[in-house]
Protein chains: 2
Amino acid sequence: MTGYQLAKQFDVSVTFVWHAPHSQIYPELRRLEADGLVSAEAVPRGSRATKRSYSITEAGREELERWVAEVQPPARERDAAYLKATYFELASFETARRQFETHLRHYRNQQRQWEEHVRQLEDRDTALLRRRLEIAPEETHDAIVAYKVHVYRGLIERAKHEVEWASEGLRLVDRLERDRAGDRGSAGLAGQPDDE
Amino acid sequence: MTGYQLAKQFDVSVTFVWHAPHSQIYPELRRLEADGLVSAEAVPRGSRATKRSYSITEAGREELERWVAEVQPPARERDAAYLKATYFELASFETARRQFETHLRHYRNQQRQWEEHVRQLEDRDTALLRRRLEIAPEETHDAIVAYKVHVYRGLIERAKHEVEWASEGLRLVDRLERDRAGDRGSAGLAGQPDDE
DNA sequence: ACAGCCATGTAAGTCGTTACATGATTGC
DNA sequence: GCAATCATGTAACGACTTACATGGCTGT
């Protein structure tokens, strides 16, 4: 593929497990080329211009296999949304609600799109998968599809969990707000505004 | 706290939603100080040495509140384990199994430690939480604890999901290996080694 | 001619990791 | 005296983001 095509894949579809902007892709392709992991071919485009189409090399394939087999230290948790939620006591109930609602909407979307993607994978109906299957021996096709489906199903479950977490968050905010109002009423306290 | 104490908090316990090494903490504290978000006090230590103990300033508290309320673009998925699993067809069944097992072990550990942490939070029995509650008005205590418990419960559920995903992954590898062996047997094919 | 897409870069800056480096204090 | 821990940095490098920049091609 060309750098442009790669960038589009990352940009357009949310179905990708990784993301990179074109400003990272072009230099990286050059580096990979310098390391002999991919090779470039100048393809004419129109009359004057050319584009660079990259293919993986034998060395690249080996490096890819090495990387897949390599066990890497599990990523340390780093989740801005959860970190923030840890300090929601510093915000108003309204703000906390808005945050949970944003979270909810986002993962509902993700879930829908990944479900659609799994459907396409099962039908072997994506451009990339078809290209992958073309060059792979017949008896590996099931495994190729199955691993990818497993990954995206995992992402779907993860998205469902996030939706559930945000929903519970909203219920929690409701409960806390009711409790606060109850305190004020029964104890006859002045009651703080809920931030501060 | 001092930079050292902060570093320890991140280092020692896995219970933190964020992580940072001391090489990031010390310069960052200096930057925060320069921006007036924290203030430092030189505290003597032994006879000759001093350490710098930091406290949040009023401006820092405002910035923290601003940050908590700010809705930020949801992080794009970037998960090396899932990305790798997408290409497990390039590895042997044995390797795929090893990867899933590593994943499983890691999240089982996380789960256990977060469960322990939730227990401590509910008992209001961590040093940080006690310090937080000391300076917060009584009627906010429930909310402070509840939000934190909600976050760590979310992380526990997430860890459970990852354990489940890895277990299913192992079952998938078993199934694919049986299918491959079946192919070889029934069709009498030479059969590829499962990588390549 | 102009809009929208194809195509490819560079630059500045932040964030994060790993390694290098130093010295004081405490308890045995 | 020595080890473990307290305490604080710097440096090099790579990953990532955002913005700046340029120009060709295609269809209307």
Side-chain angles (χ1 to χ4, degrees), chain A residues 1-14 16-35 37-55 63 67 70-81 83-84 127, chain B residues 1-14 16-35 37-55 63 67 70-81 83-84 127:
Chain A
M1 295 172 98
T2 67
Y4 186 81
Q5 287 174 303
L6 282 165
K8 281 294 114 165
Q9 293 278 358
F10 286 132
D11 262 19
V12 173
S13 82
V14 203
F16 274 84
V17 197
W18 206 264
H19 169 267
H22 76 273
S23 63
Q24 227 185 325
I25 291 168
Y26 289 114
E28 187 60 35
L29 283 170
R30 293 288 180 162
R31 265 191 296 276
L32 290 172
E33 194 189 4
D35 293 349
L37 302 178
V38 301
S39 64
E41 189 196 359
V43 176
R45 132 175 209 262
S47 43
R48 263 181 303 284
T50 58
K51 54 185 175 182
R52 293 169 61 82
S53 186
Y54 291 89
S55 314
E63 169 60 18
W67 174 80
E70 176 193 51
V71 178
Q72 62 190 61
R76 282 184 265 260
E77 291 297 326
R78 251 186 190 175
D79 188 310
L83 179 60
K84 242 174 220 197
Chain B
M1 295 173 98
T2 67
Y4 186 81
Q5 287 175 304
L6 281 165
K8 282 292 114 163
Q9 292 280 356
F10 286 131
D11 261 19
V12 173
S13 82
V14 203
F16 274 85
V17 198
W18 206 263
H19 170 268
H22 77 271
S23 64
Q24 227 185 325
I25 291 169
Y26 289 113
E28 187 59 34
L29 283 170
R30 293 288 180 162
R31 263 192 297 276
L32 291 172
E33 194 189 5
D35 293 349
L37 303 178
V38 301
S39 63
E41 190 195 359
V43 176
R45 125 171 216 265
S47 44
R48 264 182 301 284
T50 59
K51 55 183 174 183
R52 296 168 59 79
S53 185
Y54 292 90
S55 314
E63 169 60 17
W67 175 80
E70 177 192 52
V71 178
Q72 61 190 60
R76 283 184 265 259
E77 291 297 328
R78 250 185 192 176
D79 188 309
L83 179 58
K84 242 172 220 197

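Below, read A as the first sequence line, B as the second, and so on, with proteins coming before strands; counting in each chain starts at 1.
- A:Tyr54 pairs by the ring-ring contact (aromatic ring centres under 6.0 Å, His included) definition with nothing, not counting sequence neighbours.
- Of the residues in residues 19-34 of chain B, those lying under 4.0 Å from DNA chain C by heavy-atom distance are B:Pro21, B:Ser23, B:Gln24.
- With sequence neighbours left out, the salt bridge (charged side-chain N to carboxylate O under 4.0 Å, His left out) criterion links B:Asp11 to no other residue.
- Protein atom CE of B:Met1 is 12 Å distant from nucleotide atom P of D:dC6, rounded to whole Å.
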Under 3.5 Å, which N/O atoms of the protein pair with N/O atoms of nucleotides 25-28 of chain D?
residue : atom : partner : partner atom : Å
D:dC25  : OP1  : A:Ser47 : N            : 3.2
D:dC25  : OP1  : A:Arg48 : N            : 3.0
D:dC25  : OP1  : A:Ala49 : N            : 3.3
D:dC25  : OP2  : A:Arg48 : NH2          : 3.3

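- Under the rule for a side chain to side chain donor-acceptor pair (under 3.5 Å), A:Arg45 has no partner lying at least two apart in sequence or in another chain.
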Taking only distance into account, with no hydrogens and no angle test, what donor-acceptor pairs under 3.5 Å do side-chain atoms of residues 25-34 of chain B form with protein atoms, sequence neighbours excluded?
residue : atom : partner : partner atom : Å
B:Tyr26 : OH   : B:Tyr4  : N            : 3.3
B:Glu28 : OE1  : B:Arg31 : NE           : 3.2
B:Glu28 : OE1  : B:Arg31 : NH2          : 2.9
B:Glu33 : OE1  : B:Arg52 : NH2          : 2.6
B:Glu33 : OE2  : B:Arg52 : NH2          : 3.0

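- Distance, B:Arg52 CZ to D:dG9 P: 6 Å, rounded to whole Å.
- Taking the side-chain contact (heavy atoms from CB on, under 4.5 Å) definition, one finds that B:Glu77 meets it with A:Tyr107, A:Gln110, A:Trp114, A:Leu155, A:Arg158, sequence neighbours left out.
- Within residues 4-11 of chain A, no residue has a heavy atom under 4.0 Å from DNA chain D.
- Evaluation of the salt bridge (charged side-chain N to carboxylate O under 4.0 Å, His left out) rule for B:Glu63 yields B:Arg66 as partners, not counting sequence neighbours.
- For B:Thr50, the side-chain contact (heavy atoms from CB on, under 4.5 Å) test picks out no residue, with sequence neighbours left out.
- With sequence neighbours left out, B:Gln72 forms a side chain to side chain donor-acceptor pair (under 3.5 Å) with A:Lys84.
- Shown here for B:Thr2 and B:Ser53, the closest heavy-atom pair between the two residues is CG2-CA, 4.1 Å.
- For the side-chain contact (heavy atoms from CB on, under 4.5 Å) test, residues two or more places apart in sequence or in another chain that qualify with B:Ser23 are B:Pro21.
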